There are 2 protein chains.
Amino acid sequence: MKSKITITEIAQKSGVSVSTVSRVLNNSPSVSQKKRERIQQIIDEHNYTPSVFARGMINQTTKNIGVILPDITNPYFASLFLQIESFALKNMYATLMFNTMFSRDSRRFDTHLTEEDYFKIILEKQVDGVLILGGQIDKEDIADSFIHALNQLHQHVPVVVVGSKIEGCECLFVERNLKQGVTSIVHHFIALGHDRIGFIGGEPGIRVTSSRIEAFSKAMKSLGQSVYNPYIVTSDYYAPDGYAAMIQLLDANPDRLPSAVIAHNDMVALGAIRAMKDRGVHCPEQIAIASCDQFQLSDFSIPRLTSMDQHNEYLGRMAVLQMISAINGSDETITINHSPELVIRESCGATFKSG
Amino acid sequence: MKSKITITEIAQKSGVSVSTVSRVLNNSPSVSQKKRERIQQIIDEHNYTPSVFARGMINQTTKNIGVILPDITNPYFASLFLQIESFALKNMYATLMFNTMFSRDSRRFDTHLTEEDYFKIILEKQVDGVLILGGQIDKEDIADSFIHALNQLHQHVPVVVVGSKIEGCECLFVERNLKQGVTSIVHHFIALGHDRIGFIGGEPGIRVTSSRIEAFSKAMKSLGQSVYNPYIVTSDYYAPDGYAAMIQLLDANPDRLPSAVIAHNDMVALGAIRAMKDRGVHCPEQIAIASCDQFQLSDFSIPRLTSMDQHNEYLGRMAVLQMISAINGSDETITINHSPELVIRESCGATFKSG
DNA sequence: CTGTTAGCGCGTTCAC
DNA sequence: GTGAACGCGCTAACAG
């Protein structure tokens with residue numbers, strides 16, 4: 001392994017002192033044009049880059065940020081992370097990723113680390129900030145010890161979480177508009193003439209879930225519709241969960257099926273449609289489906305999925321922006337204003353009904 | 001931001017010298033049990049962790065590895081990366097991820113960085129090793145400048161690439177068995193009585209693609225089947241590409257459709273099935289489909305996808321193992337021996353034919 | 001077994 | 001405009 005050239009050597013080769021080299025490195029104005037150019041040339045020639053170690057020792061920064069999320073295999077996190085990574089890099093920050101596998105579905109994973117263990121690891125990595133996407137932070141009742149650990153972490157580096165604000169947690173929050181999506185779908189279904197509407201998917205006890213179910217109830221009631229509890233089945237966020245939820249819903253209401261069902265996301269919707277097919281129930285003719293979170297394949301499934309485009313690109317960028325602003329010592333809170341957008345395809349039956 | 005406590009302070013609080021503290025930190029045997037315990041306790045009490053900067057300054061390591069891949073949003077890379085991240089962490093390495101967005105499909109992305117730019121960035125990050133998954137390395141004819149850059153990078157840190165060996169490239173390679181999967185599917189289709197078999201998906205000019213098409217031809221010929229070129233349509237790796245490829249295939253062979261088609265991966269298969277549906281062609285009755293790379297949703301699509309489980313978990317672990325072994329100065333090459341496994345579901349028509 | 005000392009590569013005074 | 005000298009937190013080599 002060829003070791004890197006140091007500032008001292010550059011100084012020698014340029015016939016100046018290290019401080020002068022340091023000055024051109026940091027764009028200090030007080031260097032004569034001539035010397036600057038000569039030195040810069042030698043730097044380029046030797047492909048020299050300053051040691052991050054020596055640098056970090058002085059200003060205590062790595063230009064790295066840590067991202068903690070449950071599972072990169074989940075398309076929601078993948079698309080969010082992609083935006084985060086690229087936007088961070090544009091701002092000269094690289095990204096360390098940690099999958100906590102915190103989720104009911106991933107118990108199969110042989111990891112024994114808690115999220116608090118990850119906090120410790122990430123702190124040792126001396127990142128300049130940490131971004132938290134989902135996980136325990138989304139639980140309905142969070143262990144005090146977790147909040148405590150979070151606050152403690154936040155004392156060392158800025159922590160921004162993408163999720164709803166939590167009482168007693170001092171971290172920065174970037175909130176997404178969880179409710180508007182459900183509300184739009186309810187309106188859409190009602191407009192289509194549905195009156196028996198259900199909701200499936202999402203892990204119980206998780207705020208993303210309850211928040212959507214709540215928005216569902218509220219929207220229904222505000223339109224004079226009654227909410228029928230057997231039409232609400234929670235499970236989790238993946239396709240097998242949508243499958244299980246739909247089977248349960250079908251079995252529980254054999255002679256009074258819902259006419260439309262809202263799925264927590266596209267994977268849940270796909271699973272649900274699969275379940276219906278296996279039970280000989282047609283989508284959208286017998287039960288229409290729409291999902292609150294669009295993934296990549298919505299336009300290619302059978303039937304094509306009607307879903308909400310949550311504009312995750314925007315969300316990711318905002319999170320990074322908030323992060324950088326906090327790293328730079330600002331305490332300003334960035335408010336985000338994204339409007340989920342209903343994309344009508346086939347599974348909601350809109351074209352079916354109108355045609 | 002509360003700054004971290006240093007080794008000096010720990011030493012003072014314990015009433016010993018810094019070197020003694022350093023010794024317990026590094027598990028040096030030559031410290032008396034009593035002192036060791038006392039010091040360890042103080043360390044824990046204050047939640048002290050050594051500075052990565054000062055450490056790196058001396059042994060030139062960060063305990064970070066860099067991973068360069070085209071697009072984490074692609075399920076293949078996501079599942080591979082998940083394994084890499086978790087296995088690396090188990091070995092005390094954290095993972096820096098970079099999405100190059102190198103792919104025809106991602107031109108929409110407003111990035112102007114070439115992979116060589118990434119090499120530079122990653123080198124500055126002082127990672128202990130870099131892992132390369134796909135991208136330009138997979139091209140049929142690679143620019144010499146790329147190989148050169150790769151070799152140069154490899155002079156500084158170990159570089160291991162998951163892909164087929166390349167002439168003139170000094171990096172380490174972990175190869176996956178690309179051909180066996182296609183071969184199995186051909187055998188399966190032939191056994192099912194098909195005689196007009198096609199292949200779709202994969203970007204032309206990419207070795208993953210040509211290698212599979214080659215295996216396809218070879219398997220066909222070895223079974224006495226002739227390969228009909230209009231049945232082979234390349235495009236890319238995502239659902240829209242599968243869709244386009246199938247449309248093209250259908251349009252080009254209106255009165256002599258293939259009876260079975262092999263798709264490069266599940267997304268391509270999904271797109272293809274969608275295209276068939278839109279054209280009123282039934283799967284598997286009129287055209288059976290099977291894919292070479294299984295993703296998460298194969299079991300929930302309509303029809304369920306017959307595909308190859310490539311056991312990516314294993315591949316990811318091998319790559320990390322090879323990486324760590326190289327970091328530790330070993331020049332041993334790890335050979336990997338994974339057997340892709342055919343998972344028969346509905347889209348190949350096996351159950352349809354037999355039932 | 002334990003303490004002392006000398007750097008590691010860089011940014012930052014402070015003189016010149 | 002420029003250079004010499006110091007120190008960041010730690011490990012390694014040496015001396016006791």
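Small disclaimer: the values here were computed from a predicted structure and weren't measured. Order of the sequence lines sets the chain letters (A, B, ...), proteins ahead of strands, with each chain counted from 1.
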Test side chain to side chain contact (heavy atoms under 4.5 Å, CB included) on A/C169 and A/N151 and set out the steps. CA-CA 6 Å; A/C169 181; A/N151 285 337; 4.0 Å; yes
Test side chain to side chain contact (heavy atoms under 4.5 Å, CB included) on A/V67 and A/F98; report intermediate values, then the result. CA-CA 6 Å; A/V67 179; A/F98 299 87; over 6 Å; no
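- Here the closest heavy-atom approach between residue B/I166 and residue B/F173 is recorded as N-CZ, 3.6 Å.
- Taking the six-membered ring for Trp and the full ring otherwise, the centers of B/F146 and B/F119 sit less than 6.0 Å from each other.
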What does the B/S/- profile of nucleotides 9-16 of chain D look like, 5' to 3', with a 4.0 Å heavy-atom cutoff to protein? BBSBB---
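- Taking atom CD of A/Q12 as the reference point, atom P of D/dG3 lies 13 Å away to the nearest angstrom.
- As judged by a 4.0 angstrom heavy-atom cut-off over every strand, A/S32 is placed among residues touching the sugar-phosphate backbone only.
- Distances shown here put a side-chain N or O of A/S17 below 4.0 Å from the OP1 or OP2 atom of D/dG3.
- Counting heavy-atom neighbours within 6.0 Å of A/K120 NZ, excluding the residue itself, gives a total of 12 or less.
- The phosphate of D/dG1 (OP1 or OP2) has no side-chain N or O of A/K35 nearer than 4.0 angstrom.
- Shown here are the side-chain hydrogen bond (donor to acceptor under 3.5 Å, both in side chains) partners of A/E175, two or more places apart in sequence or in another chain: there are none.
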